[in-house]
Amino acid sequence: MRMAPSPSGPLHIGHSRMAILNDEYVKRYGGDLILRIEDTNPANVDIDAYDMIPEDLEWLNVNVTKKVIQSSRMDFYYKEARKMISKGFMYVIEEDQAEFHDLKLKKIPVKCRDYDPEIHLERFDKLLEGKYEEGKAAVVMKTDINHPNPSIRDWIAFRLNYKKHPLTGDKYILYPTMNFSVSVDDHYLGLTHVIRGIDHLVNTEKQEYVFKCNGWKIPEYFHYGFINIPGTVLKTTLMKEGIKSGKYSGWNDIRLGTIMALKKRGYRPETFRKYWVASGMNKNNATFSWEIFNSMNREIIDYNTMRYFFVPEPEKFNIKNSKKLKSHAMFHPQRPDLGCREYDLDKNSNIYFPEKEFEKLKDSETIRLKDLCAVTKHANSLDYVSEDIDKKVKIIQWVPENSGSIKIYYPDGSVESGMIEPLASNKKEVVQLERFGYVNLNGSEGYFLHK
RNA sequence: GCUCCGGUGGUGUAGUACGGCCAAGCAUUCCGGCCUUUCGAGCCGAUGACUCGGGUUCAAAUCCCGGCCGGAGCACCA
């Protein structure tokens with residue numbers, strides 16, 4: 001198996017499907033998982049991606065057994081090209097880009113298509129020596145000039161690019177196109193199975209020509225459908241621009257759909273795996289469901305996630321308690337062994353209470369401050385009633401006066417300010433803020449994970 | 001336009017290769033109810049789907065033909 005990202009940026013949630021599906025296959029049936037970085041287009045390379053991609057994969061627990069960087073295999077591609085040219089499977093055109101494209105649309109072969117391979121080999125050397133301008137000559141794979149799909153008719157296998165490559169500099173100017181390098185790599189790397197998106201369906205057909213003319217065994221291909229991931233930014237170019245302009249703080253800005261951003265929000269790598277395995281490999285186009293993804297994540301983290309109180313838009317009240325009070329809220333309702341969060345309140349104590357909840361209360365309505373006492377709303381105050389109450393009433397969270405303030409950032413860019421109970425301040429972990437949601441705390445800020 | 005690929009509840013899937021055990025399973029969401037000093041979980045209940053039309057057959061989600069809808073490709077990107 002293999003996965004073959006182009007190093008244009010870090011991996012995002014869409015890539016994680018490709019990585020996990022391949023990895024899962026290897027985990028179940030054995031074999032190698034090759035990470036092949038496809039950097040044969042200098043214009044599409046971000047030098048940082050060479051490090052970010054393996055880091056993302058490691059975090060996802062994808063076990064790469066072998067790593068290949070295409071730009072370090074250029075001489076090998078040239079060697080293969082020479083072989084194929086000399087056998088008449090490929091040829092070199094001297095037509096310019098638009099001309100060649102035009103001829104193909106009309107199903108007209110170029111004059112030199114069937115020239116002696118020697119001539120094409122000479123032209124190939126001229127290509128390497130830089131005797132042609134960009135776009136004025138190219139190496140072409142001979143397929144079927146009458147093929148109904150024009151892009152399959154004699155596709156380009158190598159083209160010139162004089163741009164400096166981030167890794168190899170100006171050492172090479174003739175780069176293989178993806179369809180060529182993928183074919184020979186898939187063969188020589190011994191690929192038996194390929195899992196990729198349906199966007200490669202046509203490429204598979206193109207690549208089969210290379211396999212067939214060389215008499216190579218064609219791997220088993222599986223294509224999975226497109227997934228539309230709503231509500232997040234995934235386009236590398238958009239992310240890059242946003243980072244550059246300062247709109248985003250970096251690749252891990254929680255508004256982005258990168259693996260890094262999702263990690264920062266507190267998602268678990270197991271969630272990705274579970275989700276993509278459950279999605280399977282069918283060719284349907286589907287919509288990514290955050291609901292299901294979140295539900296899976298919740299199931300994984302819930303047992304180990306501590307509970308704390310957070311009060312959004314806090315308002316201070318003196319509850320006029322006539323006696324000292326002690327709160328006792330459990331760290332986790334299913335795990336009494338972990339004990340309680342306890343706070344002592346003197347007589348006439350101040351607490352913070354969510355303003356919105358207060359507004360919703362009717363006058364003289366009695367509620368319970370969770371794990372503390374019952375209070376009644378009177379005009380603009382909350383007044384102590386008793387420590388316990390028989391009636392079933394609303395239960396709302398609160399925090400003591402010595403709480404810290406915190407800002408919670410949402411993936412949609414909004415921010416919520418409030419107070420968090422003292423025991424949770426300066427924590428750096430995913431917690432459940434009761435009646436609010438799961439949040440990844442990071443000192444005086446937090447990143448909203450999900451409900 | 002041409003070529004290719006799809007179409008199962010709101011969402012995601014199982015089932016389709018070898019027609020019957022599928023008046024369609026699971027998950028999630030929403031809505032009720034129970035429980036609980038949050039939320040979540042748990043338990044109970046409810047709603048909700050085979051794109052349409054023909055054909056083959058004793059029998060079709062499953063096979064065949066056609067329509068409709070959706071997606072992709074039509075690059076010297078990957």
Side-chain angles (χ1 to χ4, degrees), chain A residues 4-8 37-45 70 93 95-98 100-101 104-105 132 134-140 147-153 155-161 174-182 196-206 223-228 230 236 274-296 298-299 301-303 305 307-310 327-330 332-334 367-374 388-389 392-398 432-438 450-451:
Chain A
S6 68
S8 53
I37 295 186
E38 309 213 323
D39 56 349
T40 57
N41 178 9
N44 195 22
V45 174
Q70 286 193 321
I93 53 161
E95 275 70 17
D96 107 332
Q97 200 167 336
F100 184 65
H101 184 71
K104 283 207 294 186
L105 283 181
Y132 295 99
E134 227 175 272
K136 300 287 186 197
V139 184
V140 176
H147 196 284
N149 183 342
S151 81
I152 293 178
R153 316 210 258 254
W155 48 263
I156 304 293
F158 284 86
R159 79 296 204 192
L160 290 165
N161 191 329
L174 183 68
Y175 293 92
T177 58
M178 167 250 192
N179 278 307
F180 182 81
S181 56
V182 163
R196 37 151 60 156
I198 51 169
D199 48 329
H200 287 292
L201 235 26
V202 175
N203 291 324
T204 300
E205 203 178 337
K206 290 186 188 179
H223 296 92
Y224 56 81
F226 275 93
I227 194 112
N228 163 37
T236 308
K274 200 173 173 196
Y275 187 88
W276 292 126
V277 169
S279 291
M281 261 208 291
N282 69 42
K283 282 183 184 160
N284 301 0
N285 291 165
T287 306
F288 182 84
S289 168
W290 286 105
E291 260 172 19
I292 293 176
F293 191 70
N294 288 342
S295 150
M296 288 175 168
R298 188 159 48 222
E299 197 183 318
I301 63 172
D302 187 68
Y303 189 76
T305 302
R307 272 62 171 165
Y308 292 102
F309 287 154
F310 164 72
S327 72
H328 50 277
M330 283 197 283
H332 195 297
Q334 284 168 297
I367 60 149
R368 194 195 310 272
L369 296 176
K370 187 167 189 291
D371 303 307
L372 182 68
C373 65
D388 225 333
I389 189 169
K392 270 197 140 175
V393 293
K394 275 188 191 161
I395 298 151
I396 294 171
Q397 83 279 18
W398 56 280
Q432 189 206 80
L433 301 178
E434 299 197 31
R435 308 210 328 126
F436 186 79
Y438 294 83
H450 50 66
K451 279 275 183 198

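Atoms considered below: every heavy atom in the structure, side chains included; atoms not considered: hydrogens, waters and symmetry mates. These numbers were taken from a predicted model, which means no experiment stands behind them. Chain A is the first sequence line, chain B the second, and so forth, proteins listed ahead of strands; every chain is numbered from 1.
Shown here are the side-chain contact (heavy atoms from CB on, under 4.5 Å) partners of A:A329, two or more places apart in sequence or in another chain: A:F309, A:R341, A:D371. Every side-chain contact (heavy atoms from CB on, under 4.5 Å) that A:A98 has, sequence neighbours left out, goes to A:D96. A:R196 is linked by a salt bridge (charged side-chain N to carboxylate O under 4.0 Å, His left out) to nothing, counting only residues two or more places apart in sequence or in another chain. Checked against salt bridge (charged side-chain N to carboxylate O under 4.0 Å, His left out), A:K274 has the following partners two or more places apart in sequence or in another chain: A:E299. With sequence neighbours left out, the ring pair (Phe, Tyr, Trp, His ring centres under 6.0 Å) criterion links A:W276 to A:F288. Legend: residues meeting salt bridge (charged side-chain N to carboxylate O under 4.0 Å, His left out) with A:R307, ordered by chain and number and at least two apart, are A:D302. Residues meeting the side-chain contact (heavy atoms from CB on, under 4.5 Å) test with A:N41, sequence neighbours left out: A:A43, A:N44, A:R159, A:N161. Taking A:H332 as the reference, A:Y303 meet the ring pair (Phe, Tyr, Trp, His ring centres under 6.0 Å) condition, with sequence neighbours excluded.
Taking side-chain N and O atoms only, A:S151 has no distance below 4.0 Å to OP1 or OP2 of B:U3. Using a 4.0 Å cut-off, no side-chain N or O of A:R307 falls inside it from OP1 or OP2 of B:U36. Between A:R159 and B:A78, a side-chain N or O to OP1/OP2 separation shorter than 4.0 Å is present. In terms of phosphate contacts, A:H101 brings a side-chain nitrogen or oxygen within less than 4.0 Å of OP1 or OP2 of B:A75.
Residue A:A43 is classed as having no contact, given no heavy-atom separation below 4.0 Å to the nucleic acid. Base contact: A:D96 has a heavy atom under 4.0 Å from a base atom. Within 4.0 Å of A:Q334, counting heavy atoms only, lies at least one base atom of the nucleic acid.
Inter-residue side-chain proximity for A:Y275 and A:S289 is flagged as met; some heavy-atom pair is nearer than 4.5 Å.
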- [ ] In sequence, state the C-alpha distance, the side-chain angles, and the governing distance for A:V182 and A:N203, and then conclude on side-chain contact (heavy atoms from CB on, under 4.5 Å).
- [x] CA-CA 10 Å; A:V182 163; A:N203 291 324; over 6 Å; no

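Separating the CG atom of A:L201 from the P atom of B:A72 is a distance of 13 Å, rounded to the nearest angstrom. Taking atom NZ on A:K283 and atom P on B:G7, their separation rounds to 10 Å, with Å as the unit. Separating the CG atom of A:L105 from the C1' atom of B:C74 is a distance of 9 Å, rounded to the nearest angstrom. Atom-to-atom, CZ of A:F100 to P of B:C76 comes out at 8 Å; the value is rounded to the nearest Å. Nucleotide B:C39 holds its P atom 12 Å from the CG atom of A:D371, rounded to whole Å.
Side-chain atoms of A:Q97 lie closest to B:C76 of the nucleotides B:C76, B:C39, B:A78. Considering only side-chain atoms of A:N44, the nucleotide from B:U28, B:C77, B:G40 that sits closest is B:C77. Picking from B:C74, B:U37, B:C76 the nucleotide with the shortest atom distance to the side chain of A:I395 gives B:U37. Of the candidate nucleotides B:C77, B:G73, B:G40, B:G73 has the atom lying nearest to any side-chain atom of A:V202. Distance from the side chain of A:K392 is smallest for B:C35 among the nucleotides B:A78, B:C35, B:C39. For A:E291, taking side-chain heavy atoms from C-beta onward, the closest of the listed nucleotides B:U28, B:A75, B:A78 is B:U28.
Sorted pairs that involve residues 277-287 of chain A and meet side-chain hydrogen bond (donor to acceptor under 3.5 Å, both in side chains), not counting sequence neighbours, are lacking altogether.
When atom types are taken as modelled, the side chain of A:R298 and the backbone of A:K451 share a donor-acceptor pair closer than 3.5 angstrom.
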Please write out each protein N/O paired with an N/O of nucleotides 12-14 of chain B under 3.5 Å, distance rounded to 0.1 Å.
residue, atom, partner, partner atom, Å
B:G12, OP1, A:T287, N, 2.8
B:G12, OP1, A:T287, OG1, 3.4
B:A14, OP2, A:N282, ND2, 3.2

Atom pairs under 3.5 Å: protein N/O with N/O of nucleotides 43-50 of chain B:
none

- [ ] Return one dot-bracket line describing RNA chain B 5' to 3' (Watson-Crick or G-U wobble pairs, both distances under 3.5 Å; ( ) same strand, [ ] crossing, | another strand, . none).
- [x] (((((((..((((......[....))))..((((.......)))).....(((((..]....))))))))))))....

